[in-house]
Amino acid sequence: MKEKYLHNEVVIGHKENLDHFCRVEVGKAIVVDPENSKIIKILQSGDTHGIGNCIAQSPTQHITLSQGESVISKIELLDFIE
């Protein structure tokens with residue numbers, strides 16, 4: 001499911017249990033460590049984030065935020081595997 005996000009909107013929250021991962025379709029997103037506000041990763045069009053958490057069924061340790069106007073897909077892991 002593709003969604004539009006504005007600047008600094010939360011795409012994946014801290015400690016969120018995921019059944020989906022995100023893929024940046026248009027724009028950018030960043031992955032931030034909530035403890036010290038450091039940017040861990042910059043996601044560009046085509047990049048994904050959260051697959052490892054889906055597979056491990058572990059909560060996220062970081063926050064994913066959109067940068068500028070972005071279109072980001074949330075893809076359920078089961079749909080991706082099939």
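Quantities reported herein were computed from a predicted structural model and do not represent experimental measurements.
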**Q** The criterion is ring pair (Phe, Tyr, Trp, His ring centres under 6.0 Å); which residues satisfy it with Tyr5, sequence neighbours excluded?
**A**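 Testing Tyr5 for ring pair (Phe, Tyr, Trp, His ring centres under 6.0 Å), a comparison that skips the adjacent residues, returns none.
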**Q** For residues 12-27, pull every pair meeting side chain to side chain donor-acceptor pair (under 3.5 Å), keeping only residues two or more places apart or in separate chains.
**A**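 Qualifying pairs, neighbours excluded: Arg23-Glu25, Glu25-Ser73.
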**Q** Connecting only ILVMFWY residues whose side-chain heavy atoms lie within less than 4.5 Å of each other, what is the rest of Met1's hydrophobic cluster?
**A**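 So far as hydrophobic clustering goes, Met1 is joined with none.
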**Q** List the atom pairs, with distances to 0.1 Å, where a side-chain N or O of residues 29-43 and a protein N or O form a donor-acceptor pair under 3.5 Å, not counting sequence neighbours.
**A**
unit_1	atom_1	unit_2	atom_2	d
Asp33	OD1	Glu35	N	2.9
Asn36	OD1	Lys38	N	3.1

**Q** Do other residues, nucleotides or ligands put more than 12 heavy atoms under 6.0 Å from Lys74 NZ?
**A**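 Counting other residues, nucleotides and ligands, NZ of Lys74 exceeds 12 neighbours.
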**Q** Within the 4.5 Å heavy-atom criterion, are Lys2 and Ile72 side-chain neighbours or not?
**A**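 Lys2 does not reach Ile72 side chain to side chain.
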**Q** Do Ile12 and Cys22 come within less than 4.5 Å of each other through their side chains, counting heavy atoms only?
**A**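 Answer yes - side chains close enough.
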**Q** With sequence neighbours left out, which residue pairs that include part of residues 38-75 fulfil the ring-ring contact (aromatic ring centres under 6.0 Å, His included) condition?
**A**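 Of all non-adjacent pairs touching residues 38-75, none passes ring-ring contact (aromatic ring centres under 6.0 Å, His included).
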**Q** Measure from the side-chain N and O atoms of Gln57 to the backbone N and O of Cys54, and report whether any donor-acceptor pair falls under 3.5 Å.
**A**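 Answer holds: no.
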**Q** With rounding to the nearest 0.5 angstrom, report the NZ to OG distance, Lys28 to Ser45.
**A**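 It comes to 10.0 Å.
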**Q** Does Thr64 use its side chain to pair, donor to acceptor, with the backbone of Gly13 at less than 3.5 Å?
**A**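 Such a contact is absent between Thr64 side chain and Gly13 backbone.
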**Q** Starting at CZ of Phe21, measure out to CD1 of Ile75 and round the result to the nearest 0.5 Å.
**A**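 CD1 of Ile75 is found 4.0 Å from CZ of Phe21.
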**Q** What are the two closest non-hydrogen atoms of Gln67 and Ser70, and how far apart are they?
**A**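 Smallest interatomic distance, heavy atoms only, reads O-OG, 3.1 Å.
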